[in-house]
There are 2 protein chains.
Amino acid sequence: MVDIATRVWNHKWKIDPIVRSLIDTDFYKLLMCQSVFRNKPDTQVTFSLINRTTSVPLARLIDEGELREQLDHIRSLSLTRGESTWLRGNTFYGKRQMFRPDFMEWFENLRLPAYHLERVGDQYELTFEGAWPEVMLWEIPALAVLMELRGRAVLHDMGRFELQVLYARAMTKLWEKIERLREIEGLKIADFGTRRRHSFLWQDWCVRAMSEGLGSNFTGTSNCLIAKNRDLEAIGTNAHELPMVYAALADDDQALARAPYDVLADWHEEHDGNLRIILPDTFGTEGFLERAPDWLAGWTGIRIDSGDPAKGAEAAIRWWKNRGEDPREKLVIFSDGLDVDRIEALQAQFSGRVRTSFGWGTLLTNDFKGLAPDDRLAPFSLVCKAVAADGRPTVKLSDNPEKAMGPADQIERYKRVFDVGAQERFAVEV
Amino acid sequence: MVDIATRVWNHKWKIDPIVRSLIDTDFYKLLMCQSVFRNKPDTQVTFSLINRTTSVPLARLIDEGELREQLDHIRSLSLTRGESTWLRGNTFYGKRQMFRPDFMEWFENLRLPAYHLERVGDQYELTFEGAWPEVMLWEIPALAVLMELRGRAVLHDMGRFELQVLYARAMTKLWEKIERLREIEGLKIADFGTRRRHSFLWQDWCVRAMSEGLGSNFTGTSNCLIAKNRDLEAIGTNAHELPMVYAALADDDQALARAPYDVLADWHEEHDGNLRIILPDTFGTEGFLERAPDWLAGWTGIRIDSGDPAKGAEAAIRWWKNRGEDPREKLVIFSDGLDVDRIEALQAQFSGRVRTSFGWGTLLTNDFKGLAPDDRLAPFSLVCKAVAADGRPTVKLSDNPEKAMGPADQIERYKRVFDVGAQERFAVEV
């Protein structure tokens with residue numbers, strides 16, 4: 001077992017890479033990458049870092065040289081033999097050879113493309129431009145580097161035992177959550193916390209603590225490297241970037257309206273079972289479900305990632321009933337802003353009515369709220385998104401206008417095309 | 001930095017000695033040993049284990065074979081070259097060559113004598129008989145072995161992460177105490193927690209955390225091995241066993257009444273400065289001070305180890321004033337049942353009136369209260385005392401009848417000789 005405080009202490013004295021492997025990323029990134037590699041290999045996409053919590057002055061906290069060092073290190077990484085063997089030989093979601101030989105060959109030869117970094121005021125502008133399957137793999141490592149360097153900047157001022165007590169407190173805090181989760185009957189929960197983790201070592205600790213504390217109720221982790229090292233299930237399906245880029249590529253409003261379903265039609269061809277999970281909120285859940293083709297109602301489940309999660313799940317239940325499906329056989333994955341209170345409430349409301357599952361992110365792997373002086377380690381809302389595809393801006397509406405992204409005129413256009421009316425606002429904390 | 005949880009986890013799989021050195025003991029044991037070696041080398045003394053907390057069934061918790069293995073291991077220990085060098089070469093209380101060459105030569109050749117172990121109901125009877133300078137060195141290691149084996153028995157049922165969280169909670173708890181102690185102006189505090197420690201590794205952690213957290217307000221540790229390893233001051237003077245044994249050896253009541261002062265006369269010859277600390281409570285503080293010779297009032301200070309500590313300190317202040325001494329130049333060491341509340345209160349009451357100092361024991365190195373299921377790691381009151389000398393029983397009265405020891409008729413005799421009246425009772429928890 002790693003003594004995290006010691007390792008963090010050592011960080012102060014020499015460079016210890018934050019991202020140590022190309023598979024230190026979310027499993028769904030690789031699944032999506034394979035889909036993109038097959039369906040849109042030449043699309044030029046721009047990913048961009050966006051710090052939604054502007055009160056955290058990243059450029060004042062993080063030294064630019066250190067940031068470059070970490071990003072350059074990521075560009076030097078390539079798939080190791082053991083990692084490749086694991087991806088090729090492992091069973092994911094019960095399926096062998098999830099990753100096809102042509103994709104694996106491409107991945108084995110991949111180095112991440114160049115980045116563009118510039119300080120603008122107290123923030124960094126960090127962008128990645130290039131072929132979609134390549135640049136999309138920057139998202140998670142870029143977030144991990146920024147999150148961890150911000151953490152290290154704060155930790156740097158602490159004494160050695162102060163540091164150990166900080167981790168002691170964080171461990172205690174998580175364990176108390178686990179003790180509450182243990183009491184929830186029929187819970188199925190996975191780690192979705194790679195992108196906003198406090199650090200790699202800390203995520204690894206959290207995952208193992210969940211594993212011991214919850215046993216088989218802990219279903220796995222989205223982080224491939226940790227899944228591999230700890231012999232756990234790698235978990236994940238797909239994300240907003242697919243419909244966002246497909247939509248940006250649409251030539252007219254009609255094609256735009258069809259784009260979210262085109263994405264899932266491609267996915268439908270490639271995957272079955274538990275990988276057929278709808279992410280309906282990119283341009284508003286309500287309209288998406290209303291206009292969805294019937295074959296989508298036959299999919300295994302739905303992931304609720306913005307808005308009021310209970311409302312979203314109720315909408316899905318109504319929709320399945322209208323389409324003649326039995327909701328009790330359907331999976332609802334909650335993955336937005338979860339903490340124990342919400343997990344308890346959602347499980348109480350939906351257990352027995354659907355199959356529930358939880359993808360727990362930031363407040364699993366980065367709940368240092370209240371643990372450092374001036375709360376300087378509180379989690380904050382950092383994302384890295386596809387902002388353009390083949391020269392056109394992308395748009396995301398989601399079920400929370402606070403999470404909307406894109407140029408104002410395009411947002412208006414998308415709202416019209418997808419018939420999105422007034423939306424409830426929810427504060428975005430993490 | 002040691003990852004304690006991992007080490008404890010490993011304890012489960014192989015024997016890891018609890019006592020790893022002959023100087024893993026309290027400094028005052030060695031000081032007293034040298035005095036005894038010089039003044040009473042041939043006195044035959046019996047030390048005996050006494051579990052005051054009978055609700056803790058040691059013999060049911062601790063396997064006899066394991067206990068023997070640990071005790072046998074201690075009998076195999078001898079002073080290492082480095083330890084000997086440290087004792088010979090180090091400065092203790094500002095003095096070089098505290099330990100004289102003849103004593104060191106004897107100590108270098110010492111192996112601890114045989115022990116007698118027997119299970120009696122749910123408790124162990126553990127006794128040590130032999131020449132006083134030899135058997136007296138069993139006290140601390142015997143206590144450490146029993147305390148730690150009891151802890152290990154409880155830890156054995158825990159999962160790996162549960163274990164790490166246990167230590168995380170204990171670390172947090174101690175650190176919160178340290179944060180409060182930091183606020184006490186002029187605090188001088190040392191670790192006196194060897195005898196009741198949770199474990200060696202844990203004591204070491206506590207000492208180092210105190211050192212980082214309190215800086216020079218932390219004055220050192222009573223544990224010689226930790227003082228040596230961590231380059232800290234070794235702290236301690238003398239204990240009840242000296243007057244208890246001297247008193248037992250007295251041939252009549254007159255000699256008995258003189259015994260506590262005879263001890264200190266021997267000590268007076270050997271030590272000066274901060275080592276001239278009176279421990280007045282063995283047969284009642286009040287009478288001891290009343291009848292004390294004037295030269296004792298010239299000593300540096302007093303240690304308050306039973307009864308109401310504030311009353312004891314006030315009594316000492318009155319006594320010094322009566323004897324024409326300035327209390328503000330005197331040292332009062334509080335060492336009984338301390339925790340932060342009491343330390344704060346005593347410092348507030350006595351700061352500026354005397355020089356205060358605190359010897360913090362069980363609740364520094366073993367405060368696992370409330371941290372394990374059914375509170376099975378709560379500290380308890382285990383002692384190992386000189387119960388006989390040259391065939392005569394020893395007696396201790398102290399300023400708390402709950403701490404009194406010895407045959408009833410002898411207790412009555414001592415009360416008469418030392419003129420001890422009604423005493424206030426205080427619960428003995430640790």
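Residue numbers begin at 1 in each chain, while the letters A, B, ... track the order of the sequences. Please read these numbers as outputs of a predicted model, since none were measured by experiment.
- With values rounded to the nearest 0.5 angstrom, B/Leu174 atom CG is found 10.0 Å from A/Phe161 atom CZ.
- With sequence neighbours excluded, the residues satisfying side-chain contact (heavy atoms from CB on, under 4.5 Å) with B/Asp367 are B/Lys173, B/Lys177, B/Asp339, B/Leu363, B/Lys369.
- Of all heavy-atom pairs between A/Thr172 and B/Thr172, the closest is OG1-OG1, 4.2 Å.
- By the 4.5 Å heavy-atom criterion applied to side chains, A/Trp175 and B/Arg169 are counted as neighbours.
- Under 3.5 Å, the side chains of A/Trp205 and B/Gln164 contain a donor-acceptor pair of N or O atoms.
- Rounding to the nearest 0.5 angstrom, the gap separating the CD atom in A/Glu212 from the CG atom in B/Leu163 is 8.5 Å.
- Residues passing the side-chain hydrogen bond (donor to acceptor under 3.5 Å, both in side chains) test with B/Glu162: none are found, sequence neighbours excluded.
- From A/Arg160, atom CZ reaches atom CZ of B/Arg208 across 6.0 Å, with rounding to the nearest 0.5 Å.
- Residues of residues 213-225 of chain B lying under 4.5 angstrom from chain A, judged on non-hydrogen atoms, do not exist here.
- Looking at residues two or more places apart in sequence or on another chain, you find no side-chain hydrogen bond (donor to acceptor under 3.5 Å, both in side chains) involving A/Arg355.
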